[in-house]
Amino acid sequence: MSNIREIAKRAGVGIATVSRYLNSNGYVKQQTAEKIQKAIDELNYVPNKHAKALFSSKSGAIGLITPSILNPYFSHWISEIGKDLRSKGFALIIFNSDDDPVKEAEAIQILREYRVEGLIVGRPQLVEEYANIGIPVVAFENRFPMDDLQNVSTVIADNCTGGKLAFEHLWDSGCRNILQIMGPSVFRATELRSEGFLRAAAAKGAKIELFQFDSEFDPQVDIEERLSGIDFCKYDGVFVFNDIAAAKVLQYLGENRIRVPQEIRVIGFDDNFVDKMLSPRLTTIRQSVEEAARICLDTLLQRVTKKKLPRVDVVFDVELVVRES
Ligand code: XLF
């Protein structure tokens, strides 16, 4: 494998000049830069990131911990975050925590060992573990308050308003016997959705029946079996805490010949790309995944490049998307 000395020799320049060029650190004349690049191409040189990280404490990598790679919302989120990162000079190291605090702690430890320069974490369960890691962190949908952690910024959709919009849609469509299928209690975002939904229902004097899921979307868990505990014939409207769970509800209703929306209306939350592939197409509350990813990444990169920027808490808007369900 070729090294920096060979490049310098072939390009006819000093090692320090090659180093300046590789690290974009200091002036290198255009003509010299071209010679160096030609030597790099001819020798098929690949920089040693570990060595670079050791000397500069800059690995050029961002860590990302996702709570679920199976949920299309989060796989889309990862894809959006990673999309332009290369052109911004960073690589992405991804871990799946499966909403398990033990795996989350392991991921933090390994990412620290890789000297990532910043970290984005989706739906974190931990708090203290982020306090002293010495790099900027962005928590998407944090479960616990993080406002006393100076290095941690937070990003979340306006879930409460989303819950309100979901109720108003069902109510305005004439639903009067409404069921809310709630997410696992450890998901802060879905708690807020539920709060907004129930508050709006109380304002209309509507009584809502509740059913709680204890996991999200785990192929090992037979959701149909869970849903068989609900007598859907009693209801004319149902709000499901996210779209992947709502897709399961649609499937279950279809298999049990309960017509949507004629007998029961279904509304989810997310606006996943799969919603339009469902039959009927899913009505939902949109929390734009593109916007969530962009805010998480921009917030992080600003703090990676300008270390002194203070932490921020960002809440972004949601909207009702009416489709067929
Ligand atoms: O954490 C919540 C629950 O599921 C997240 O925003 C999602 O809606 C993604 O599907």
Side-chain angles (χ1 to χ4, degrees), residues 64-81 94 96-101 103-104 120-127 138-146 154-166 180-197 210-219 221 223 226 238-251 266-278 282-296 313-321 325:
L64 189 153
I65 306 176
T66 174
S68 160
I69 219 154
L70 289 172
N71 178 334
Y73 187 84
F74 283 109
S75 34
H76 195 172
W77 180 68
I78 298 168
S79 156
E80 286 294 319
I81 290 174
I94 302 166
N96 186 24
S97 74
D98 279 327
D99 286 305
D100 175 348
K103 288 192 192 169
E104 189 180 326
I120 299 176
V121 51
R123 214 158 63 189
Q125 314 266 341
L126 305 173
V127 178
V138 172
F140 177 51
E141 298 186 341
N142 48 304
R143 182 171 168 215
F144 301 105
M146 290 183 150
T154 68
V155 176
I156 192 164
D158 186 352
N159 289 287
C160 222
T161 300
K164 173 175 176 279
L165 293 175
Q180 186 193 175
I181 298 184
M182 295 159 69
S185 56
V186 294
F187 295 177
R188 177 78 183 127
T190 64
E191 272 188 0
L192 294 168
R193 287 168 204 174
S194 177
E195 269 173 45
F197 190 85
L210 303 175
F211 183 89
Q212 182 146 29
F213 267 29
D214 53 11
S215 77
E216 182 186 45
F217 179 71
D218 178 349
V221 177
I223 293 191
R226 297 262 180 89
V238 53
F239 171 43
V240 190
F241 66 95
N242 74 5
D243 281 355
I244 192 67
K248 272 283 167 196
V249 170
L250 278 186
Q251 182 192 1
V266 179
I267 181 165
F269 201 110
D270 280 341
D271 198 22
N272 271 342
F273 59 88
V274 289
D275 294 358
K276 294 188 212 114
M277 303 174 199
L278 301 170
L282 185 66
T283 292
T284 193
I285 302 297
R286 174 173 166 81
Q287 56 161 350
S288 161
V289 71
E290 292 86 357
E291 198 175 353
R294 184 187 51 73
I295 300 172
C296 287
D313 295 305
V314 185
V315 179
F316 63 94
D317 289 341
V318 297
E319 62 176 320
L320 171 68
V321 178
S325 69

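When a ligand or atom number is given, it counts from 1 through the structure's own listing order. Nothing here was measured: the structure is a model prediction, and the numbers come from that model.
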### Query
So is Q287 close enough to ligand 1, meaning a heavy atom under 4.0 angstrom away?
yes
### Message
So for R193, does at least one of its heavy atoms come nearer than 4.0 angstrom to any atom of ligand 1?
### Response
yes
#### Entry: ligand 1 N/O within reach of T190 N/O, cut-off under 3.5 Å
no
### Message
If I apply the N/O under 3.5 Å rule, does Y73 come out as touching ligand 1?
### Response
no
Among protein heavy atoms, which sits nearest to [atom], and what does the distance come to when rounded to 0.1 Å?
| atom | answer |
| --- | --- |
| atom 3 (C) of ligand 1 | R123 NH1, 3.3 Å |
| atom 4 (O) of ligand 1 | N242 ND2, 3.0 Å |
| atom 10 (O) of ligand 1 | D270 OD2, 2.6 Å |

Between [X] (side chain) and [Y] (backbone), is there a donor-acceptor pair under 3.5 Å?
| X | Y | result |
| --- | --- | --- |
| E290 | E80 | no |
| D158 | V318 | no |
| Q212 | G183 | yes |

### Message
Could you tell me, atom by atom, which parts of ligand 1 come under 4.0 Å of a heavy atom of N71?
### Response
9 (C), 10 (O)
### Query
Which ligand 1 atoms does E141 reach within 4.0 Å, using its non-hydrogen atoms?
1 (O), 2 (C), 5 (C), 6 (O)
### Reference residue E104; test side-chain contact (heavy atoms from CB on, under 4.5 Å); the match among L126, D99, N96, D98
L126
### Query
Are R143 and F187 in a cation-pi setup, meaning NZ or CZ lies under 6.0 angstrom from the ring centre and within 45 degrees of the ring axis?
no
### Query
So, are E141 and R193 salt-bridged, with charged N and O less than 4.0 Å apart?
yes
### Query
Using 30° and 60° as the class limits, which term best fits the ring planes of Y73 and F140: parallel, tilted or perpendicular?
parallel
